[in-house]
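Notes follow the structure.
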Amino acid sequence: MDTAAATGLTFRDATDADVDALVALIESAYRGDSSRTGWTTEADILEGQRTDPEGVLAVIKAPGSRLLTVERDGAVVACCQLEHRGDHAYFGMFAVSPALQGGGLGKVIIAEAERHAHETWDVTEMHMTVISAREDLIAWYERRGYRRTGKMTPFPYGDERFGIPQRDDLQFELLVKPLAQPAE
């Protein structure tokens, strides 16, 4: 049985017309009081914006990149970025509507993203970066087969396009998951 169909989800590439809805979704999942409805909030560690229309449009337009838009009953309920980077794909900009978090939707979406990246680009790994202070989120990804690498990159302090940090120890950790081996 098709899991996406069983959950009433449709997946499609985002278009320019989706930008405002996607920015609203991403912001609602990570910032401000609305994000506290779900469990993926970053409101305690970051204020300000998570993304903006220019950032979302850049992902939509970038070569080798796609912003998967997930709909249920015609409404945008989730999204994720997939970017082809040689032998691996990068997974980012993942957001699920806070009102729908905790019901298994994220598991279905990440599995579909992994399947899609593997089948489309024949990649052997999925990479992502997560704020290392987000232990609950990292644990969720570990339950999906991702492993911590210990490779850190600095948070872009001073660039409010990524938010206004509420602490001085933020950094991103690379998480990696092997995907099915490429066809020979």
Geometric class of the F91/Y141 ring pair [parallel <30°, tilted 30-60°, perpendicular >60°]: perpendicular
R115 backbone acceptor or donor facing H118 side chain under 3.5 Å: no
Backbone N/O of T15 and side chain of D18: donor-acceptor pair under 3.5 Å: yes
Any side-chain heavy atom of [X] within less than 4.5 Å of one from [Y]?
| X | Y | value |
| --- | --- | --- |
| D52 | V56 | no |
| L179 | T124 | no |
| L22 | T69 | yes |
| Q49 | V23 | no |
| R12 | L68 | no |
| L46 | I164 | no |
| V77 | V96 | no |
| Y157 | L170 | yes |

Using every non-hydrogen atom in the two residues, find where [X] and [Y] come nearest and quote the distance to one decimal.
| X | Y | result |
| --- | --- | --- |
| Q101 | A29 | NE2-CB, 4.1 Å |
| P98 | S28 | CG-O, 3.0 Å |
| L25 | V76 | CD2-CG1, 4.1 Å |
| R31 | E47 | NE-O, 3.7 Å |
| A117 | V123 | O-CG2, 3.6 Å |

Over 12 foreign heavy atoms within 6.0 Å of [atom1], [X]:
| X | atom1 | answer |
| --- | --- | --- |
| D73 | CG | no |
| E160 | CD | no |
| R85 | CZ | yes |

Worked verdict on M93 versus V59 for side chain to side chain contact (heavy atoms under 4.5 Å, CB included): CA-CA 9 Å; M93 208 173 273; V59 171; 3.7 Å; yes
For the hydrophobic clusters of this structure (ILVMFWY residues joined by side-chain heavy atoms under 4.5 Å, transitively), does one cluster hold both [X] and [Y]?
| X | Y | answer |
| --- | --- | --- |
| I131 | W140 | no |
| V19 | F162 | no |
| M126 | V130 | yes |
| Y30 | I45 | no |

One thing to verify: whether [Y] and [X] come together as a salt bridge, which I'm taking to mean a side-chain N less than 4.0 angstrom from a carboxylate O.
| X | Y | answer |
| --- | --- | --- |
| E114 | K177 | yes |
| R147 | E142 | no |
| D44 | R167 | no |
| E135 | R148 | yes |

F172 ring center near F155 ring center (under 6.0 Å): yes
Chi angles and distances behind the side chain to side chain contact (heavy atoms under 4.5 Å, CB included) call for I109, C80: CA-CA 8 Å; I109 293 164; C80 64; 4.3 Å; yes
I need the [X] [atom1] to [Y] [atom2] distance, nearest 0.5 Å.
| X | Y | atom1 | atom2 | result |
| --- | --- | --- | --- | --- |
| T10 | E71 | OG1 | CD | 4.5 Å |
| T149 | L174 | OG1 | CG | 4.0 Å |
| S97 | R72 | OG | CZ | 10.0 Å |
| L105 | L9 | CG | CG | 5.5 Å |
| L175 | R144 | CG | CZ | 13.0 Å |

Residues I110, E112; criterion side chain to side chain contact (heavy atoms under 4.5 Å, CB included); working and verdict: CA-CA 5 Å; I110 198 168; E112 175 62 16; over 6 Å; no
Steps toward side-chain hydrogen bond (donor to acceptor under 3.5 Å, both in side chains) verdict (Y90, T129): CA-CA 9 Å; Y90 178 79; T129 55; 3.0 Å; yes
Test log, rule side chain to side chain contact (heavy atoms under 4.5 Å, CB included), inputs L137 and F94: CA-CA 12 Å; L137 186 58; F94 186 29; over 6 Å; no
Criterion side-chain hydrogen bond (donor to acceptor under 3.5 Å, both in side chains) on E173 and Q171, from CA distance to verdict: CA-CA 7 Å; E173 183 170 1; Q171 57 186 345; over 6 Å; no
